[in-house]
Amino acid sequence: MLVLARRVNERIVINGEVFITVLEAGRGGQVRLGFEAPARYQIYRHEILLEIQAENRDALSSAAAPDGAAVTLPTVRTETPSRPVEPQP
Amino acid sequence: MSAMAQEPAVMVHVRTATGEIEVSEQQLVTFVTPLLGFERLATFCIHQHQEGPLHWMQSVEDARVAFCLLAPFAAGLDPDIAIELDDVADIGADSVADIAVYSVVVLDKDPTQVRTNLRAPILVCRSTRKAKQVVLSNSKLPIRYFLNQLPPAGA
């Protein structure tokens with residue numbers, strides 16, 4: 001891992017197009033960072049992605065459970081969608 | 001033969017954990033970026049469960065991998081889903097109207113724990129059949145929306 005020390009208002013640049021600025025280094029260890037990057041970069045807190053990954057895995061095990069009979073599908077009403085959202089088979 | 005005549009649907013057989021299903025080629029989708037946590041799988045088939053807003057998404061490549069999906073708008077939800085133009089382009093859609101939205105459902109023996117992820121829906125382009133799970137920037141959308149909070153039928 002590359003380790004760089006930065007002060008407030010100092011920046012880091014990646015590939016000439018991603019700029020990360022240290023905005024605030026507060027008490028309690030919290031750091032506020034500002035990101036400037038082209039829109040194709042998707043910037044997330046890592047734990048959000050980990051949580052979604054874990055939720056996908058939970059969804060898999062629940063749907064593929066061999067004792068699927070023990071899992072009942074929720075009763076969900078159908079509405080005529082106000083927007084076209086259903087693919088037509 | 002008229003040029004307007006529809007091609008007969010090509011049927012494909014897909015192995016599942018419990019057997020085999022036959023689906024139309026039009027029900028296959030290809031993920032342009034993988035589902036988070038399932039990096040090796042790209043092709044799935046999506047078929048509707050009975051007539052409701054629930055669907056099954058079965059991996060074509062791995063019979064053991066299947067998900068339950070919800071079409072949230074059809075279920076009476078109206079989540080504030082703003083689709084990024086880059087995501088529209090990634091799945092080859094001409095417009096937002098060409099995109100079907102699904103959310104991944106976590107089933108549970110305890111009905112109060114059955115939930116769906118509205119923060120990271122799966123977008124499917126109806127015409128190209130390309131798909132992508134996106135992480136929406138709207139942090140008000142819950143990763144765990146419990147389906148027992150759904151508005152009651154007939155409300």
Side-chain angles (χ1 to χ4, degrees), chain A residues 14-21 23-24 30-89, chain B residues 9 17-18 23-24 26-27 35-38 46-49 51-54 56-57 64-68 70-76 78 84-86 97 99-102 104-109 111 114-115 117 119-120 124 126 133-135 139 143-144 147-148 150-155:
Chain A
I14 301 173
N15 269 5
E17 58 180 8
V18 177
F19 292 86
I20 304 167
T21 310
L23 298 175
E24 195 180 309
Q30 196 182 48
V31 176
R32 284 166 64 81
L33 302 172
F35 294 84
E36 293 153 273
R40 68 176 182 280
Y41 285 91
Q42 302 193 313
I43 302 170
Y44 303 111
R45 294 181 175 87
H46 189 206
E47 57 270 26
I48 291 281
L49 295 185
L50 294 178
E51 201 179 339
I52 290 165
Q53 189 171 313
E55 204 65 5
N56 280 350
R57 292 205 170 120
D58 282 354
L60 165 72
S61 52
S62 70
D67 61 339
V71 175
T72 45
L73 282 176
T75 46
V76 182
R77 69 164 172 168
T78 308
E79 266 206 351
T80 311
S82 50
R83 307 178 211 172
V85 290
E86 297 269 9
Q88 296 309 314
Chain B
T18 52
V23 297
S24 144
Q26 267 90 59
Q27 289 171 279
L35 205 58
L36 281 164
F38 297 89
I46 297 180
H47 58 281
Q48 194 171 5
H49 176 77
E51 297 299 304
L54 293 172
W56 293 104
M57 184 171 78
R64 296 163 301 172
V65 176
F67 298 91
C68 181
L70 178 74
F73 298 107
D78 192 14
E84 302 279 343
L85 285 176
D86 282 341
I99 296 176
V101 178
Y102 301 98
V104 179
V105 175
V106 180
L107 301 171
D108 199 289
K109 286 173 191 168
V114 177
R115 58 191 187 266
N117 182 348
R119 182 78 190 276
V124 177
R126 292 173 219 272
Q133 185 176 34
V134 297
V135 181
S139 59
I143 291 177
R144 292 183 186 81
L147 289 188
N148 60 2
L150 272 171

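Per-residue heavy-atom pair counts under 4.5 Å with chain A were compared for B:Ile143, B:Asp86, B:Leu70, and the maximum is reached by B:Ile143.
Both the backbone and the side chain of B:Val135 come within less than 4.5 Å of a heavy atom of chain A. Heavy atoms of A:Leu49 lying under 4.5 Å from chain B belong to its backbone as well as its side chain. Only the side chain of B:Gln133 comes within less than 4.5 Å of a heavy atom in chain A; its backbone stays farther off.
With sequence neighbours left out, A:Arg32 forms a salt bridge (charged side-chain N to carboxylate O under 4.0 Å, His left out) with A:Glu24.
Taking the six-membered ring for Trp and the full ring otherwise, B:Tyr102 and B:Phe67 have centroids separated by 6.0 Å or more.
Screening B:Val104, B:Leu35, B:Val124, B:Val65 for a side-chain contact (heavy atoms from CB on, under 4.5 Å) involving B:Met57 leaves a single residue, B:Leu35.
Residue pairs meeting the side chain to side chain donor-acceptor pair (under 3.5 Å) criterion with at least one member in residues 33-50 of chain A, sequence neighbours excluded: A:Arg11-A:Glu36, A:Glu17-A:Arg40, A:Glu17-A:Tyr41.
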